[in-house]
Amino acid sequence: MPQRFWLFKSEPSVFSFDDLLAAPKKTTPWEGVRNYQARNTLRDGVKKGDGVLFYHSSCAVPGVAGLCTIAREAYPDPHQFDPKSDYYDPKADPADPRWLLVDVKADRKLREVVTLERIKATPALAKMDLLRRGNRLSIQPVTPAEWKAILTLGGA
DNA sequence: GCCAACGTTGGC
DNA sequence: GCCAACGTTGGC
């Protein structure tokens with residue numbers, strides 16, 4: 001059992017849970033975190049074996065699509081040093097990398113997407129970070145109780 | 001260190 | 001495409 005739980009947002013038009021299932025070893029580096037708070041969470045909180053809710057954002061039906069585990073803990077994101085990358089950061093210093101990423105492995109798809117609408121309608125999930133006004137963090141902590149409730153709703 | 005301007009996120 | 005909310009930047 002994972003020790004801690006997180007929610008990672010991704011736009012399915014860019015990278016969906018099915019894309020992750022189709023990836024080699026169902027694993028991908030979680031690219032492009034360029035927010036300091038999210039970076040600090042990756043650095044200080046996210047450990048190998050932790051559970052991840054894969055959340056689809058900016059799409060027709062936002063919601064949790066599947067479950068993942070952390071396959072590799074934080075390491076420097078190579079894209080920050082690549083001038084051709086969208087994630088290039090001219091201020092990043094190879095001797096002191098500014099941005100990190102973790103590897104995420106797909107575990108299983110939920111039988112049905114746990115939609116944002118459903119999360120909002122579920123009292124046990126009323127305190128999820130996701131629902132906090134104006135919260136745009138792409139990486140958020142999830143409590144064990146919330147994790148359990150999402151799994152139940154999703155038919156896992 | 002303030003704060004206005006600007007860019008991004010993400011639901012709708 | 002709109003817009004609210006928030007983060008970042010840069011002039012002073």
Side-chain angles (χ1 to χ4, degrees), chain A residues 4-23 28-46 50-70 74-104 106-107 109-143 145-156:
Chain A
R4 302 187 235 198
F5 305 98
W6 310 98
L7 179 146
F8 284 22
K9 290 181 190 171
S10 183
E11 298 185 25
S13 61
V14 178
F15 192 81
S16 69
F17 188 73
D18 284 337
D19 291 334
L20 182 54
L21 282 174
T28 190
W30 199 265
E31 295 167 359
V33 171
R34 292 294 180 272
N35 168 285
Y36 286 106
Q37 197 176 338
R39 191 275 314 267
N40 293 346
T41 300
L42 289 180
R43 184 189 59 199
D44 304 330
V46 179
D50 285 355
V52 174
L53 301 174
F54 192 116
Y55 179 85
H56 285 166
S57 66
S58 293
C59 56
V61 186
V64 177
L67 309 178
C68 310
T69 54
I70 298 296
Y75 59 101
D77 180 346
H79 299 92
Q80 66 193 306
F81 307 124
D82 177 5
K84 291 193 285 285
S85 168
D86 284 348
Y87 301 128
Y88 178 59
D89 182 346
K91 292 179 188 162
D93 176 2
D96 184 23
R98 175 178 295 198
W99 303 113
L100 304 172
L101 46 70
V102 297
D103 287 355
V104 172
D107 181 5
K109 196 169 176 171
L110 293 175
R111 269 204 286 127
E112 51 183 312
V113 173
V114 179
T115 64
L116 178 60
E117 192 181 8
R118 204 142 173 234
I119 291 171
K120 284 180 178 169
T122 303
L125 297 174
K127 288 187 176 171
M128 274 191 85
D129 271 15
L130 184 68
L131 302 183
R132 266 204 357 261
R133 209 166 113 88
N135 185 6
R136 306 180 315 183
L137 265 187
S138 62
I139 290 178
Q140 312 174 1
V142 171
T143 69
E146 289 162 353
W147 172 270
K148 227 173 146 181
I150 294 282
L151 264 58
T152 301
L153 289 175

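In what follows, chains are A, B, ... by sequence order, proteins preceding strands, each numbered from 1.
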Whole angstrom value for the distance that separates [atom2] of [N] from [atom1] of [X]:
| X | N | atom1 | atom2 | result |
| --- | --- | --- | --- | --- |
| A:Tyr87 | B:dT8 | OH | P | 13 Å |
| A:Lys91 | C:dG10 | NZ | P | 5 Å |
| A:Glu117 | B:dC12 | CD | P | 8 Å |
| A:Leu137 | C:dA5 | CG | C1' | 13 Å |
| A:Leu131 | B:dC12 | CG | P | 10 Å |
| A:Met128 | B:dG11 | CE | P | 12 Å |
| A:Ile119 | B:dG11 | CD1 | P | 10 Å |
| A:Ile139 | C:dG7 | CD1 | C1' | 16 Å |

Partners passing side chain to side chain donor-acceptor pair (under 3.5 Å) against A:Lys9 (at least two apart in sequence or in another chain):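 Side chain to side chain donor-acceptor pair (under 3.5 Å) list for A:Lys9, sorted by chain: empty.
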
Side-chain N or O of [X] less than 4.0 angstrom from OP1 or OP2 on [N]?
| X | N | value |
| --- | --- | --- |
| A:Lys9 | B:dG10 | yes |
| A:Tyr55 | B:dG11 | yes |
| A:Arg133 | C:dA5 | yes |

When you get a sec, tell me which of [options] is the closest nucleotide to the side chain of [X]?
| X | options | value |
| --- | --- | --- |
| A:Arg136 | B:dT9, C:dG10, B:dC12 | B:dT9 |
| A:Asn35 | B:dC12, C:dG7, C:dG10 | C:dG7 |
| A:Ser57 | B:dG11, B:dT9, C:dT9 | B:dG11 |

Short N-O contact, A:Arg34 and A:Asp89, less than 4.0 angstrom: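 No salt bridge links A:Arg34 with A:Asp89.
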
Value rounded to 0.5 Å, distance of CZ in A:Phe8 from CG in A:Leu20: 11.5 Å

Reported CE-to-CG distance for the pair A:Met128 and A:Leu7, which is rounded to 0.5 angstrom: 5.0 Å

Ring geometry between A:Phe15 and A:Trp30 (parallel below 30°, tilted from 30 to 60°, perpendicular above 60°):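 The arrangement is perpendicular - the two ring planes meet at more than 60°.
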
Net bend of the helix from B:dG1-C:dC12 to B:dC12-C:dG1, end axes of five pairs each, nearest 10 degrees: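 It comes to 10° between the two terminal axes.
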
Short side-chain donor-acceptor distance under 3.5 Å, A:Tyr75 and A:Asp103: yes

Non-hydrogen atoms of A:Leu153 and A:Thr122 that approach each other most closely: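 Minimum heavy-atom separation between A:Leu153 and A:Thr122: CD1-OG1, 3.6 Å.
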
